[in-house]
Amino acid sequence: DGGITQSPKYLFRKEGQNVTLSCEQNLNHDAMYWYRQDPGQGLRLIYYSQIVNDFQKGDIAEGYSVSREKKESFPLTVTSAQKNPTAFYLCASSGGGLYNEQFFGPGTRLTVL
Amino acid sequence: QQPVQSPQAVILREGEDAVINCSSSKALYSVHWYRQKHGEAPVFLMILLKGGEQKGHEKISASFNEKKQQSSLYLTASQLSYSGTYFCGTNAGGTSYGKLTFGQGTILTVHP
């Protein structure tokens, strides 16, 4: 089955540690995205990539970094510079075309202690 | 700038109808609608393009008023499964490759 996987589902880290969230897709989509969701709020774009080896900052990129070395993979690193990293992180991908709808992975809930 | 959704919350009984609105201050290429259950990923419902084309769920309808930059999602004969938070995502980028900006969400609760 085609889809987007994120791992792990829950992640706990100590303050000051960097942590990397995994996102893999087998939909053959060119574009991938990372969003952050805080309780009771909408999704905010962190980074996005429209093609391998290229990515752009979204609205809240400070304290985060990404790489896009393979079409299927778009890992997100939450660095110690991110002031309030505890949140629900969602990865999405889209295949282009007239509509270019985005499909989301199951999410990773990160808690920094 | 974030689109504004209204109402913030709706409570229905099964079989009742609801309308959720999404307004933007920018000229839009498209409006995307998603439903999210608690702790889960958003699920795609509809996309509406300027010019009138749309793609989406059979049982859900929506409209896009280009003059007002406003979209409305119509939920008719609601079912328990319709409960969740509804988000609109707006694309003001001029093509389908523009990034989405999401509203704050509308919480829909359907009771038996």
Side-chain angles (χ1 to χ4, degrees), chain A residues 2-10 21 23-25 27 29-51 54-61 87-111, chain B residues 1-6 8-9 20 22-24 26 28-57 60 62 64 84-107:
Chain A
I4 304 173
T5 57
Q6 291 185 243
S7 60
K9 187 172 178 66
Y10 298 96
L21 280 59
C23 178
E24 304 276 334
Q25 55 99 0
L27 300 168
H29 285 172
D30 283 320
M32 297 185 74
Y33 312 82
W34 274 106
Y35 292 92
R36 169 182 172 138
Q37 187 174 32
D38 294 285
Q41 297 194 28
L43 288 72
R44 292 185 290 168
L45 183 63
I46 304 172
Y47 269 97
Y48 63 107
S49 167
Q50 294 189 338
I51 198 166
D54 187 43
F55 50 83
Q56 289 79 41
K57 292 182 179 180
D59 301 317
I60 55 165
F88 188 44
Y89 290 88
L90 287 158
C91 177
S93 70
S94 65
L98 180 65
Y99 295 97
N100 201 27
E101 62 266 42
Q102 295 185 20
F103 296 95
F104 286 84
T108 291
R109 188 166 300 279
L110 173 64
T111 302
Chain B
Q1 192 168 356
Q2 186 180 34
V4 177
Q5 289 185 231
S6 63
Q8 290 188 330
I20 300 172
C22 174
S23 296
S24 175
K26 297 184 176 183
L28 301 177
Y29 172 85
S30 63
V31 180
H32 301 223
W33 285 97
Y34 289 86
R35 176 171 60 217
Q36 185 181 31
K37 305 271 185 181
H38 184 68
E40 299 180 5
V43 173
F44 167 73
L45 296 176
M46 296 278 298
I47 289 181
L48 302 104
L49 307 183
K50 70 174 185 179
E53 294 184 68
Q54 57 180 259
K55 175 180 181 180
H57 203 284
I60 293 175
F64 179 24
T85 303
Y86 289 76
F87 292 99
C88 66
T90 55
N91 171 7
T95 73
S96 68
Y97 296 90
K99 60 183 184 178
L100 294 182
T101 303
F102 285 87
Q104 80 280 16
T106 295
I107 301 172

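Residue numbers start from 1 in every chain, and the chains themselves are labelled A, B, ... in the order their sequence lines are given, proteins ahead of strands.
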Counting heavy-atom pairs under 4.5 Å with chain A, which one of B/Gln5, B/Gln2, B/Gln36 comes out on top? B/Gln36
If you draw a 6.0 Å radius around NZ in B/Lys26, do more than 12 non-hydrogen atoms from other residues or ligands fall strictly inside? no
Applying a strict 4.5 Å limit to non-hydrogen atoms, the region of B/Phe44 in contact with chain A is side chain
Engaged part of A/Leu90 at the chain B interface, taking heavy atoms whose separation is under 4.5 Å: side chain
Which of the residues A/Gln41, A/Glu101, A/Arg109 is involved in the greatest number of heavy-atom pairs with chain B at under 4.5 angstrom? A/Glu101
For A/Cys91 and A/Met32, which heavy atoms make the closest approach, and how far apart are they? SG-CE, 4.0 Å
Chain B heavy atoms under 4.5 Å from A/Leu45: which part of the residue, side chain, backbone, both or neither? side chain
Can you tell which part of A/Tyr33 gets under 4.5 Å to a heavy atom of chain B, answering side chain, backbone, both or neither? neither
Engaged part of B/Glu53 at the chain A interface, taking heavy atoms whose separation is under 4.5 Å: both
So which part of A/Tyr99 gets closer than 4.5 Å to some heavy atom of chain B, the side chain, the backbone, both or neither? both
Is the shortest heavy-atom distance from the side chain of B/Phe64 to the side chain of B/Leu28 under 4.5 Å? yes
Is there a side-chain contact (heavy atoms from CB on, under 4.5 Å) between B/Ile60 and B/Arg35 once you walk through the steps? CA-CA 11 Å; B/Ile60 293 175; B/Arg35 176 171 60 217; 4.2 Å; yes
Mark yes when over 12 heavy atoms from residues, nucleotides or ligands other than A/Ile51 sit less than 6.0 Å from its CD1; otherwise mark no. no
Criterion side-chain contact (heavy atoms from CB on, under 4.5 Å) on B/Leu48 and B/Lys50, from CA distance to verdict: CA-CA 7 Å; B/Leu48 302 104; B/Lys50 70 174 185 179; over 6 Å; no
Is it the side chain or the backbone of A/Gln102 that comes within 4.5 Å of chain B heavy atoms, both, or neither? both
Audit row: B/Leu49, A/Leu98, side-chain contact (heavy atoms from CB on, under 4.5 Å) steps and yes/no: CA-CA 9 Å; B/Leu49 307 183; A/Leu98 180 65; 3.5 Å; yes
